[in-house]
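Below you'll find the structure, written out as structure tokens, and then a few comments.
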Amino acid sequence: MSRVYIGIDLAAKCCWGATRNQEGGFLNSEKFKTSEENLIAYVKAQGGEATVLLEECDLAGWAQRVLAPHTQKVAVCEPRANLWIHRDAVKTDKIDAAKLSDIARLGNYKEVYHTTDESIYELQVAVRAYDRLVGRVKALKNQIKAELRGAGVIAEGAGVYGKKGRQRALALVASPLLREIIACEYEHLDFLVRSQAEAKRRFVRLGQEVGIVLAWQEMPGVGPVGAAKFCAYIKCPHRFANKGQISRYSRLGVTQSETGGRSLRRQHLDPSGNGALKDISNKAFRAAMRTREDNLIKRAYARSLAVTGKEDHARLNVQRKILAIMWAMWRDGTAYDDDIDMKNGACGARL
């Protein structure tokens with residue numbers, strides 16, 4: 001069966017599709033209304049073993065899940081890495097689709113991962129909703145303090161958001177209008193806090209329905225929140241080739257910049273990637289260190305501290321280890337073993 005390479009430029013109302021054969025010859029292009037039925041119909045009409053390439057956008061994950069059962073491969077790519085499309089002086093949806101079909105044939109693109117597992121996708125959406133609420137609560141709290149300062153009321157700490165604290169703060173606001181506005185924002189804050197708590201319960205409940213999330217909670221320091229978030233952010237363990245990629249994606253990789261064997265700048269943690277994963281590993285580390293019982297995390301930290309002589313370096317090494325163990329458990333379908341470092345020597349298990 002012949003192979004065809006399809007580029008689809010997604011938009012809310014209409015899409016453009018373009019198809020090439022395996023030699024790069026242009027076969028056709030077509031405009032169609034955006035719908036599940038039309039996407040499937042266009043791909044099926046091309047015949048052959050189809051490889052489809054989409055650019056990352058709000059519709060990309062949905063379109064990938066729709067097309068996955070009907071193609072040999074469907075991938076989503078990073079638009080900013082496609083400079084041929086992104087920075088071209090002449091850009092139309094039709095031209096972009098044609099270029100995507102050629103990039104799909106060459107395989108020269110940076111893939112953006114979207115899960116096709118509906119349960120993990122729902123968990124991901126729930127975690128993102130919770131994260132957005134956390135950001136909105138934080139922003140509103142800062143706004144309330146700023147407006148109190150504007151009224152000459154200096155509020156420090158979190159006490160100003162409690163029932164008694166807000167009453168004391170509002171009593172100090174001289175202007176009745178400002179006092180009414182700030183009181184309304186306190187009511188809005190109460191609503192957002194309740195919504196945040198409900199969103200947290202929702203994603204924790206969804207996480208408990210995924211087997212690997214329950215398995216991770218056997219690790220010291222890893223609770224239902226961290227386990228569910230790790231699942232939502234990673235989506236699939238097989239998208240990472242090794243534990244080093246996990247560390248770099250989690251903002252725990254170290255930058256390197258040198259020429260002629262000489263370092264150009266001081267090494268530091270690479271800020272690119274997902275900061276939430278770094279936070280998950282940090283909270284798991286601190287929770288594991290607070291436990292009374294001996295565990296793998298405490299032993300790993302002690303060994304790393306003895307080697308590095310620096311608490312921060314030792315902690316970061318153990319954070320990388322926590323994420324690597326979670327990734328390996330998911331990849332291999334294995335249970336957590338707190339004595340695995342003892343069984344495999346002081347350096348710990350090979351992941």
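- No side-chain donor-acceptor contact under 3.5 Å links Lys229 to the backbone of Gln124.
- Looking at Arg251, its side chain does come within 3.5 Å of a backbone N or O of Pro271 through a donor-acceptor pair.
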Worked check of salt bridge (charged side-chain N to carboxylate O under 4.0 Å, His left out) between Lys298 and Asp338: CA-CA 11 Å; Lys298 288 183 176 181; Asp338 197 70; over 6 Å; no
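- Under the 3.5 Å distance criterion, the side-chain polar atoms of Ser281 are matched with a main-chain donor or acceptor of Lys278.
- Looking only at atom types and distance, the side chain of Asp117 has no donor-acceptor partner in the side chain of Thr115 under 3.5 Å away.
- By the neighbour-count criterion of 12 heavy atoms within 6.0 Å, atom CD of Glu156 is sparsely surrounded, having that number or fewer from other residues, nucleotides or ligands.
- Between the CZ atom of Phe240 and the CD1 atom of Ile234 there is a distance of 4.5 Å, given to the nearest 0.5 Å.
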Donor-acceptor contacts under 3.5 Å from residues 134-154 side chains, at least two apart:
unit_1: Asn142; atom_1: ND2; unit_2: Lys138; atom_2: O; d: 3.4
unit_1: Gln143; atom_1: NE2; unit_2: Glu185; atom_2: OE2; d: 2.7
unit_1: Lys145; atom_1: NZ; unit_2: Gly157; atom_2: O; d: 2.9

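- Surrounding NZ of Lys283 are at most 12 heavy atoms belonging to other residues, nucleotides or ligands under 6.0 Å away.
- Within a 6.0 Å sphere centred on NZ of Lys310, other residues, nucleotides and ligands contribute 12 heavy atoms or fewer.
- Between Ser101 and Arg20, the side chains place a donor N or O and an acceptor N or O closer than 3.5 Å (distance only, hydrogens not considered).
- Nearest heavy-atom pair, Val204 versus Pro224, reported as atom, atom and distance to 0.1 Å: CG1-CB, 3.9 Å.
- Counted within 6.0 Å of NE2 on His70, heavy atoms from surrounding residues, nucleotides or ligands total more than 12; the atom is thus considered enclosed.
- Atom NZ of Lys200 has 12 or fewer heavy atoms from other residues, nucleotides or ligands within 6.0 Å.
- In this structure, Asp312 pairs ionically with Arg315, as a charged nitrogen and a carboxylate oxygen lie closer than 4.0 Å.
- The backbone N or O of Val74 sits less than 3.5 Å from a side-chain atom of Gln64, completing a donor-acceptor pair.
- Summarising the geometry, atom NZ belonging to Lys321 is positioned 11.5 Å from atom OG belonging to Ser247; distances are rounded to the nearest 0.5 Å.
- For the residue pair Gln22/Glu49, the side-chain donor-acceptor check at 3.5 Å is not satisfied.
- A centroid separation of less than 6.0 Å is found between the aromatic rings of Trp216 and Phe230.
- A donor-acceptor pair is defined here as one N or O able to donate and one able to accept, closer than 3.5 Å; no such pair exists between the side chain of Asp332 and the backbone of Thr334.
- Between Asp102 atom CG and Phe26 atom CZ the span is 10.0 Å, to the nearest 0.5 Å.
- Under a 3.5 Å cut-off, the side chain of Ser250 and the backbone N or O of Ile246 do form a donor-acceptor pair.
- Side-chain atoms of Arg299 and Asn295 form no donor-acceptor pair, as typed in the model, at a separation below 3.5 Å.
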Pairs under 3.5 angstrom only: tabulate donor-acceptor contacts from the side chains of residues 9-19 to other protein residues two or more places apart or in another chain.
unit_1: Thr19; atom_1: OG1; unit_2: Tyr42; atom_2: OH; d: 2.9
unit_1: Thr19; atom_1: OG1; unit_2: Gln46; atom_2: OE1; d: 3.1

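- The CD atom of Glu55 lies 10.5 Å from the NZ atom of Lys99; values are rounded to the nearest 0.5 Å.
- Heavy atoms of other residues, nucleotides or ligands lying less than 6.0 angstrom from CZ of Arg239 number more than 12.
- The side-chain tip of Arg290 does not point at the ring of Phe285 from less than 6.0 angstrom away and within 45° of straight on.
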Pairs of donor and acceptor atoms involving the side chains of residues 170-180, under 3.5 Å and at least two apart or interchain, shall be tabulated with distances.
unit_1: Ser175; atom_1: OG; unit_2: Leu177; atom_2: N; d: 3.4
unit_1: Ser175; atom_1: OG; unit_2: Leu178; atom_2: N; d: 3.3
unit_1: Arg179; atom_1: NH1; unit_2: Val173; atom_2: O; d: 2.5

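- The distance from the CG atom of Asn28 to the CD1 atom of Ile6 is 8.5 Å, given to the nearest 0.5 Å.
- With values rounded to the nearest 0.5 angstrom, Tyr5 atom OH is found 9.5 Å from Leu106 atom CG.
- No donor-acceptor pair under 3.5 Å is formed between the side chain of Arg202 and the backbone N or O of Ala126.
- Using a cut-off of 4.0 Å between Lys/Arg side-chain N and Asp/Glu carboxylate O, Asp190 and Arg166 are scored as salt-bridged.
- With 3.5 Å as the limit, one finds no donor-acceptor pair spanning the side chains of Asn38 and Thr34.
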